[in-house]
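Down below is the structure, laid out as structure tokens.
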Protein chains: 2
Amino acid sequence: MAERVTIGDLAQRLGLSKASVSYALNGQPGVSEQTRARVLALARELQWYPSSSARTLSGARTGIVGLVLSRDPDLLGTEPYYMLVLSGIEAELIDAEYGLLLRMVGSEPGRDLPVYERWAGERRVDGVMLFDQRRDDPRIPLLRHLGLPAVLNGAAEPGSVLPTVVPDEHGDARQVVELLHGLGHRWIGHLTGPSGLLHEERRELLVRAAAARAGMAVESIEGDYTMGTAERLIGERLRHGPGPTAWVASNDVMALGAVRAAAREGVDVPGRLSVVSWDDSLLCEIGAPPITALDRHPRDFGRRCARALLAEIAGTPDDGTGARASELRVRSSTGPAAP
Amino acid sequence: MAERVTIGDLAQRLGLSKASVSYALNGQPGVSEQTRARVLALARELQWYPSSSARTLSGARTGIVGLVLSRDPDLLGTEPYYMLVLSGIEAELIDAEYGLLLRMVGSEPGRDLPVYERWAGERRVDGVMLFDQRRDDPRIPLLRHLGLPAVLNGAAEPGSVLPTVVPDEHGDARQVVELLHGLGHRWIGHLTGPSGLLHEERRELLVRAAAARAGMAVESIEGDYTMGTAERLIGERLRHGPGPTAWVASNDVMALGAVRAAAREGVDVPGRLSVVSWDDSLLCEIGAPPITALDRHPRDFGRRCARALLAEIAGTPDDGTGARASELRVRSSTGPAAP
DNA sequence: CTGAAAGCGCTTACAG
DNA sequence: CTGAAAGCGCTTACAG
């Protein structure tokens with residue numbers, strides 16, 4: 001086992017004080033360039049690494065950001081979206097030499113709160129990333145109280161005290177609605193995720209606004225992001241009588257559920273019913289038929305989230321400007337409105 | 001912002017020494033039960049949390065395990081397998097009050113090595129979990145040299161120096177081969193992942209052994225876990241002339257690729273060709289046709305991996321015994337061998 | 001430009 | 001059972 005080499009070892013070997021070594025290592029003034037070079041050379045040779053705990057204890061940052069995922073693990077497994085956001089976050093953190101502490105706590109509300117308390121109390125992380133914001137989200141006052149830097153991702157609450165990174169929800173809603181309007185649809189359905197979620201409320205609002213401008217009717221059904229529930233709800237709606245000629249589902253898995261419901265009820269997609277997914281993924285590609293979906297560039301989004309948090313931690317708020325416009329991938333689940 | 005409360009604050013308020021407070025907090029002998037109760041009560045009241053860096057600096061564990069994922073982020077997004085393993089790992093860590101430090105480094109070989117060096121040097125983690133082991137894997141000597149506890153997951157190399165957690169590969173191969181044999185298949189294809197991976201080599205060996213016992217011929221093609229490549233390779237093979245009547249693909253995404261290739265070549269599945277996936281997922285369920293797949297219980301596997309590492313860290317090696325047998329979910333992509 | 005010293009918040013022998 | 005003290009490996013005023 002490699003013996004741990006400390007700053008004291010370096011100092012001793014070089015006949016310097018620990019202070020000088022520290023200054024040299026950290027690029028601080030107070031040492032000659034020559035001395036600095038000697039220190040750096042020896043540090044490299046002996047493979048010295050700063051002890052993260054010692055650094056943190058004497059006031060430095062931890063170099064870690066925390067992320068609590070409060071979704072059902074099975075959902076996390078089926079939705080590629082989060083894994084892609086995660087990889088975007090990682091990509092950005094790596095450049096900044098930051099690490100990610102990950103916690104999955106399941107979907108019961110409030111399970112994440114003690115995690116933040118603990119991380120703050122133990123000084124584990126320099127900041128946290130929040131997803132799936134809810135109305136009157138208890139995390140916000142808690143983090144404020146804890147003094148833990150945080151960034152909200154995915155939905156802006158008017159007057160929020162925390163920096164927020166949002167996708168181009170406005171453009172997303174417009175693109176989807178315009179596609180359907182262009183195909184002649186005048187009555188569309190919105191299959192949303194759980195209504196407590198702010199980004200769901202926001203989408204609902206924006207879809208309705210865009211549809212209203214285009215003279216289209218909207219009706220909504222609340223789903224839970226699972227295929228089974230979506231299939232049941234849309235199946236019931238289809239049996240119930242005349243309804244929307246197109247459904248917009250809030251994720252890929254629910255869009256699949258809608259397609260399956262249609263198949264079971266003998267309703268042809270896209271002949272008699274169109275389906276659009278708010279998230280793109282392999283699931284949409286291989287659907288039968290392949291499903292028209294919004295590619296919202298989840299990796300990019302993850303990068304922006306991480307960048308905003310790092311800026312917040314550094315004290316130079318940035319607010320993750322510049323969402324890249326989503327691309328609507330038109331496939332075979334959408335077609336002209338049935339007459 | 002909440003003011004940090006330290007062990008010194010508690011000691012002062014209670015008129016005790018820091019040592020006594022520490023003993024009380026840690027359940028060490030050396031304080032009366034009465035004193036201990038007073039300390040614990042005040043600690044709770046003031047919401048005291050131990051500083052993780054201070055603890056670690058004075059010799060304690062970090063309470064963190066590390067995981068480096070060296071796969072292409074896009075693959076991670078499409079394969080539900082890893083997210084499920086991750087959630088199993090998390091579930092086990094939470095019980096042990098451990099955290100997970102996650103790093104994604106892309107698939108270029110060797111990108112993960114500096115991460116281990118750094119984590120060891122900085123004393124960031126108490127141990128690491130290794131996946132996707134390769135022949136002559138450079139991580140093994142490196143971790144040994146670094147003295148960082150580690151557990152190998154997914155494939156056992158004979159005589160490995162590290163504790164290893166393996167799925168029931170033997171049973172998996174047997175189940176798949178027996179199903180196909182029972183359906184009359186006598187010539188099967190094995191669409192593997194990259195051959196450098198030990199678990200792929202192992203599967204290949206076991207599939208061939210099981211087939212040989214049953215008097216079946218096997219041919220293999222090496223894929224790369226992506227749908228596109230699988231579709232191309234199987235397409236070429238189908239055009240090339242008589243071939244296997246059934247293909248076993250090493251993951252769900254490649255199984256889909258095989259099914260698509262068959263569709264494009266006008267080969268009916270399962271009428272003229274059967275397809276089995278080594279991994280189950282929503283992708284298999286919604287395939288057209290739905291794909292017969294092995295449910296290898298990835299969450300369970302993740303739990304076992306984490307448990308084995310925690311045991312290793314605690315110095316009570318456990319070797320994650322007791323793989324739960326996989327369940328073969330027979331769907332519509334498998335049928336009697338074409339005459 | 002360089003060194004001696006204090007301090008970060010814990011733990012842990014070592015005395016009483 | 002309790003307290004004074006040293007130490008973990010850094011950083012950072014403060015003197016020289």
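Proteins come first, then strands; the chains are lettered A, B, ... in the order of their sequence lines, and each starts at number 1.
Classification of A:Arg324 and A:Asp300 as a salt-bridged pair holds, one side-chain N sitting under 4.0 Å from a carboxylate O. Look at B:Arg307 and B:Glu312 and you find no salt bridge, because none of the NZ, NE, NH1 or NH2 atoms lies under 4.0 Å from a carboxylate O. Here A:Arg303 pairs with A:Asp95 in a salt bridge; the nearest charged N to carboxylate O distance falls below 4.0 Å. Of the charged side-chain nitrogens involved, at least one lies within less than 4.0 Å of a carboxylate oxygen, so that B:Arg71 and B:Glu79 count as a salt-bridged pair.
Nearest heavy-atom pair across A:Tyr116 and A:Leu148 is O-CD2, 4.3 Å.
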(Q) Return a single string for nucleotides 11-16 of chain D, one symbol per nucleotide in 5' to 3' order, where B is base contact, S is sugar-phosphate-only contact and - is none, cutoff 4.0 angstrom on heavy atoms. (A) BBB---

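For DNA chain D, runs of at least 3 consecutive pairs of the Watson-Crick or G-U wobble type, with both hydrogen-bonding distances under 3.5 angstrom, map to C:1-3 with D:14-16, C:5-12 with D:5-12, C:14-16 with D:1-3.
Residue A:Thr35 is in sugar-phosphate contact alone, with no base atom involved, counting any heavy-atom pair closer than 4.0 Å across all strands shown.
For A:Ser53 and B:Leu16, each mapped to the nucleotide of DNA chain D holding its nearest heavy atom, the one lying further toward the 5' end belongs to B:Leu16.
Between B:Arg123 atom CZ and D:dG9 atom C1' the separation is 11 Å, expressed in whole Å.
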If you look only at distance, which donor and acceptor atoms sit under 3.5 Å apart when one is on a side chain in residues 24-38 of chain B and the other is two or more places apart or in another chain?
| from | atom 1 | to | atom 2 | distance (Å) |
| --- | --- | --- | --- | --- |
| B:Asn26 | OD1 | B:Arg55 | NH2 | 2.7 |
| B:Asn26 | ND2 | B:Ser22 | O | 2.9 |
| B:Asn26 | ND2 | B:Ser22 | OG | 3.3 |
| B:Ser32 | OG | B:Thr35 | N | 3.2 |
| B:Ser32 | OG | B:Thr35 | OG1 | 2.7 |
| B:Glu33 | OE2 | B:Arg36 | NE | 3.4 |
| B:Arg36 | NH1 | B:Tyr23 | O | 3.3 |
| B:Arg36 | NH1 | B:Ala24 | O | 3.1 |
| B:Arg36 | NH1 | B:Gln28 | O | 3.4 |
| B:Arg36 | NH2 | B:Gln28 | O | 2.8 |
| B:Arg38 | NH2 | B:Leu14 | O | 3.3 |

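Sparse packing is recorded around CZ of B:Arg13, with 12 or fewer heavy atoms of other residues, nucleotides or ligands lying under 6.0 Å away.
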